[in-house]
Amino acid sequence: MEKIEKNYLELIRETATWIRSEVGELPKIGVILGTGLGDLVNHIDIRCELDYHNIPNFPVSTVEGHSGKLIFGMLGGKYILAMQGRFHFYEGYDMKQVTFPVRVMKEMGLDTLFVSNAAGGMNKEFLVGDVMVITDHINLFPENPLRGRNFDELGPRFPAMTEPYSSALINMADDIARENGIRLMHGVYVGTQGPTFETPAEYEYFRIIGGDAVGMSTVPEVIVANHAGMRVFGVSVITDLGGKDIKEVPTHEEVQKAAVKAQPVMTSIITKMLERL
Ligand code: HPA
């Protein structure tokens, strides 16, 4: 067991060293792009792109058939790293694989992480197409990415999760929304393993326990980013609504369509935040 985990630390360092040698200068800010939210990349003045399948130790793409890319370039006047495509637990990756890119980011010296996702809304105020700043989350994944021996080099054994999403960055997003007349919701993101969408009773249950939106990603990466001492900003695009009285059936296609439609708002908020950082 110890041998396997020691290797994990070595793998992180090896990958970070390889990327550094390919890219040269490294940014301080990373952005993980969720389902249907890749448009942000079209606004990046790209300096360098790395396909996941060329990056040593990066998880090999399984279900999706196409692998993603790390994109380095300028957005909002800042040099950033964007992850186009993430690794989901429901695809069969284990939690160490799902969160490997975040470990590598930290090892490369990144200190700020933006995460985005498509999510189903339980909050009765929400509309399809709304953008929700994630103020907190509820972890309902069956496994925590920090399970197993802790490496003090990576972070503490029992990390606090009292401010998983930076309140300074949330305030900045609110200021930008106010100044630009953008409808920006706040809410708690419930992270589940999927790949099933929720039953009506499950959406209702997640609402009762304090959730505003539910999705199948983000929480593992945010736990690891917090463990590593990174500052996090999260945003959900509400692609469907769920609850006892809602009859619409969510499909992957609908989720993608709604995400594509709403993403300019998300892109605009993130770009304006980068300008202010
Ligand atoms: N549930 C879970 N994940 C999702 C949903 C949902 O309703 N919409 C987009 N991702």
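First listed ligand is number 1; within each ligand, the first listed atom is number 1.
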- Item | side chain to side chain donor-acceptor pair (under 3.5 Å) evaluation trace for Ser217 with Glu221 | CA-CA 8 Å; Ser217 68; Glu221 293 114 312; 5.3 Å; no
Please list the nearest protein heavy atom to [atom] with its residue and the distance rounded to 0.1 Å.
atom: atom 6 (C) of ligand 1; result: Phe197 CD2, 3.5 Å
atom: atom 5 (C) of ligand 1; result: Gly120 N, 3.3 Å
atom: atom 1 (N) of ligand 1; result: Glu198 OE1, 2.6 Å
atom: atom 8 (N) of ligand 1; result: Asp240 OD1, 2.7 Å
atom: atom 3 (N) of ligand 1; result: Gly215 CA, 3.4 Å
atom: atom 9 (C) of ligand 1; result: Thr239 OG1, 3.4 Å
atom: atom 10 (N) of ligand 1; result: Ala118 O, 3.4 Å

- Message: Hydrophobic clustering (ILVMFWY, side-chain heavy atoms < 4.5 Å, transitive) - are Val102 and Leu9 grouped together?
- Response: yes
- Message: Quick one, Met172 and Phe233 - any side-chain contact, counting heavy atoms below 4.5 Å?
- Response: no
- Query: Is there a side-chain contact between Lys106 and Leu113, using heavy atoms and a 4.5 Å cut-off?
  - Reply: no
- Inspect the contact between Lys272 and Glu179 and indicate whether a charged nitrogen and a carboxylate oxygen are less than 4.0 angstrom apart. no
- Could you tell me whether Glu254 and Lys261 have a side-chain N and a carboxylate O separated by less than 4.0 Å? no
- Message: Just by distance, no angles: are the side chains of Arg231 and Ser166 close enough, under 3.5 Å, to form a donor-acceptor pair?
- Response: no
- Query: Do you see a donor-acceptor pair shorter than 3.5 Å between the side chains of His227 and Arg103?
  - Reply: yes
- Numbering as shown, the atoms of ligand 1 that approach Met216 to under 4.0 Å (heavy-atom distance): 2 (C), 3 (N)
- For ligand 1, which atoms, with element, lie under 4.0 Å from some heavy atom of Tyr203? 1 (N), 6 (C), 7 (O)
- Return yes when Gly242 approaches ligand 1 closer than 4.0 angstrom through a heavy atom, no otherwise. no
- Determine whether any heavy atom of Pro250 lies closer than 4.0 Å to an atom of ligand 1. no
- Using the salt bridge (charged side-chain N to carboxylate O under 4.0 Å, His left out) rule, take Glu204 and Arg207 through it: C-alpha gap first, then chi angles, then the decisive distance, then the call. CA-CA 5 Å; Glu204 185 67 6; Arg207 189 183 66 79; 3.0 Å; yes
- Query: Does ligand 1 have a heavy atom under 4.0 Å from the side chain of Thr192, from its backbone, from both, or from neither?
  - Reply: neither
- Query: Which one holds for Val214 and ligand 1: side chain close, backbone close, both close, or neither close, with close meaning a heavy atom under 4.0 Å?
  - Reply: both
